[in-house]
Amino acid sequence: MEELSKVIDLSLKAGQLMLSSNCEIYRAEEVMRNICYTYGYKDINIFTLATCIYLSVDDKDQTITKIKRIYHRSTNATRISNINQLSRDIKEQHLDIETCKQRLDEIQNEKGYSDIKRAFTMSLSCAVFGKMFVPTATIMAFLITFLITFLCYYLMKWLNRYELNAFILNTLLAMIMTFFAVMSVRVGFAHDIDTIVIGTIMILVPGVAFTNAVRDLMNGDVLSGTIRTVEGLIIALGIAFGVGVTLYFSNV
């Protein structure tokens, strides 16, 4: 009974970390199933949504069911890859439960890239995208897009402390970035407001959410795919509302 409970806790934690890192439903379920199978528990039932995991395991005359809720999600491909590798190591090397828990804790606590590297690479990507979308954009528009996105990355991290809902958060960020874009044009630093706005809001676009939604739907996880689609649409509406309101009142 105690060992079964530990295996379920281990599986749920692995699944929670996978989903909180924005992986697909089938991938998280595969990891949880592999962990349970490796420790000898074959009669398992998993029901997974983008926001919750239900795991039930039958063993002889006892059944244990546990639920794990996922509140926050952010893309972390490195964590997904490491947990997948841990799942394979558990099966191939027959690791004990305590060792697996320790490795899972290490994966969870990995710091990854520093904020400055994240901000730099994301800002550069957004600036390049704006230039690709409007090839005639000037180098000044490129630099302003980079600078606005760089600053708003840290603003986004600060606002995340207050746990705002997706619509409000993305509306505020879109309004602030568009305001800076308008001001840069008003003072004469640049003339390509379309390039700046398009480039800066790319940091907010829910591309991963829509991609995972389509993959979930294609894999038969209709409910989870629908949830992620709605979530992506709410974020997109927040971005559109923030940009539209700012441009409307600025008369650009």
Side-chain angles (χ1 to χ4, degrees), residues 20 22 50-51 70-76 115-116 118-214 217 224-252:
S20 64
N22 260 336
T51 55
I70 293 91
Y71 292 99
H72 305 288
R73 295 189 301 279
S74 60
T75 303
N76 191 331
D115 285 337
I116 188 70
R118 291 173 184 267
F120 180 84
T121 54
M122 294 175 72
S123 301
L124 183 61
S125 299
C126 291
V128 170
F129 184 88
K131 179 65 176 177
M132 290 173 59
F133 197 87
V134 186
T136 58
T138 63
I139 187 65
M140 184 58 71
F142 179 92
L143 294 174
I144 291 174
T145 302
F146 177 90
L147 180 61
I148 293 174
T149 310
F150 189 89
L151 296 175
C152 284
Y153 171 84
Y154 287 96
L155 176 62
M156 182 166 56
K157 285 184 64 67
W158 181 73
L159 289 175
N160 281 333
R161 299 178 182 178
Y162 298 96
E163 299 183 354
L164 302 174
N165 67 65
F167 182 83
I168 298 298
L169 175 63
N170 286 278
T171 298
L172 286 174
L173 289 170
M175 291 177 69
I176 292 170
M177 288 190 288
T178 306
F179 173 78
F180 283 132
V182 171
M183 290 297 101
S184 66
V185 173
R186 287 278 177 86
V187 298
F189 288 146
H191 305 285
D192 309 306
I193 190 169
D194 293 342
T195 305
I196 300 172
V197 172
I198 291 170
T200 53
I201 65 172
M202 284 306 299
I203 196 174
L204 307 176
V205 172
V208 174
F210 278 123
T211 301
N212 286 341
V214 173
L217 290 170
S224 181
T226 303
I227 291 172
R228 287 185 169 179
T229 301
V230 173
E231 180 184 42
L233 288 174
I234 290 173
I235 294 174
L237 287 173
I239 297 170
F241 183 77
V243 172
V245 168
T246 307
L247 291 178
Y248 177 79
F249 285 104
S250 62
N251 295 320
V252 175

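We use all heavy atoms of the structure for the numbers below, so side chains are in, but hydrogens, waters and symmetry mates are not. Quick caveat, the model's predicted, so the values are computed rather than measured.
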Measure the spacing between [atom1] of [X] and [atom2] of [Y] and express it to the nearest 0.5 Å.
| X | Y | atom1 | atom2 | result |
| --- | --- | --- | --- | --- |
| T136 | H191 | OG1 | NE2 | 12.5 Å |
| C152 | I201 | SG | CD1 | 12.0 Å |
| R228 | T226 | CZ | OG1 | 11.5 Å |
| F133 | T195 | CZ | OG1 | 9.5 Å |
| L204 | L169 | CG | CG | 8.0 Å |
| N170 | N165 | CG | CG | 9.5 Å |

Return yes if a side-chain donor-acceptor contact under 3.5 Å exists between T138 and D192, otherwise no.
->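 Side-chain D/A pair, T138 to D192: present.
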So, does [X] use its side chain to make a donor-acceptor pair with the main chain of [Y] at under 3.5 Å?
| X | Y | answer |
| --- | --- | --- |
| N76 | N22 | no |
| T145 | A127 | no |
| R73 | T51 | no |
| T121 | R118 | yes |
| S123 | F150 | yes |

Please test V134 against K131 for side chain to side chain contact (heavy atoms under 4.5 Å, CB included), starting from the C-alpha separation and ending with a verdict.
-> CA-CA 5 Å; V134 186; K131 179 65 176 177; over 6 Å; no
Check this for me: [X], atom [atom1], are more than 12 non-hydrogen atoms of other residues, nucleotides or ligands nearer than 6.0 Å?
| X | atom1 | answer |
| --- | --- | --- |
| F167 | CZ | yes |
| F146 | CZ | yes |
| Y154 | OH | yes |
| M132 | CE | no |
| F210 | CZ | yes |

Carefully, step by step, assess D115 and Y153 under the rule side chain to side chain contact (heavy atoms under 4.5 Å, CB included).
-> CA-CA 9 Å; D115 285 337; Y153 171 84; 3.5 Å; yes
Nearest heavy-atom approach of A174 to G238 is CB-O, 4.4 Å
Do [X] and [Y] come within less than 4.5 Å of each other through their side chains, counting heavy atoms only?
| X | Y | answer |
| --- | --- | --- |
| S184 | I196 | yes |
| F142 | L124 | yes |
| M202 | T149 | no |
| I193 | L247 | yes |
| I148 | I176 | no |
| L147 | L143 | no |

Could you walk me through whether H72 and E163 pass side chain to side chain contact (heavy atoms under 4.5 Å, CB included), step by step?
-> CA-CA 9 Å; H72 305 288; E163 299 183 354; 3.9 Å; yes
Should R186 and S250 be marked as a side chain to side chain contact (heavy atoms under 4.5 Å, CB included) after you check the CA-CA gap, both sets of side-chain angles, and the distance that decides it?
-> CA-CA 10 Å; R186 287 278 177 86; S250 62; 4.1 Å; yes
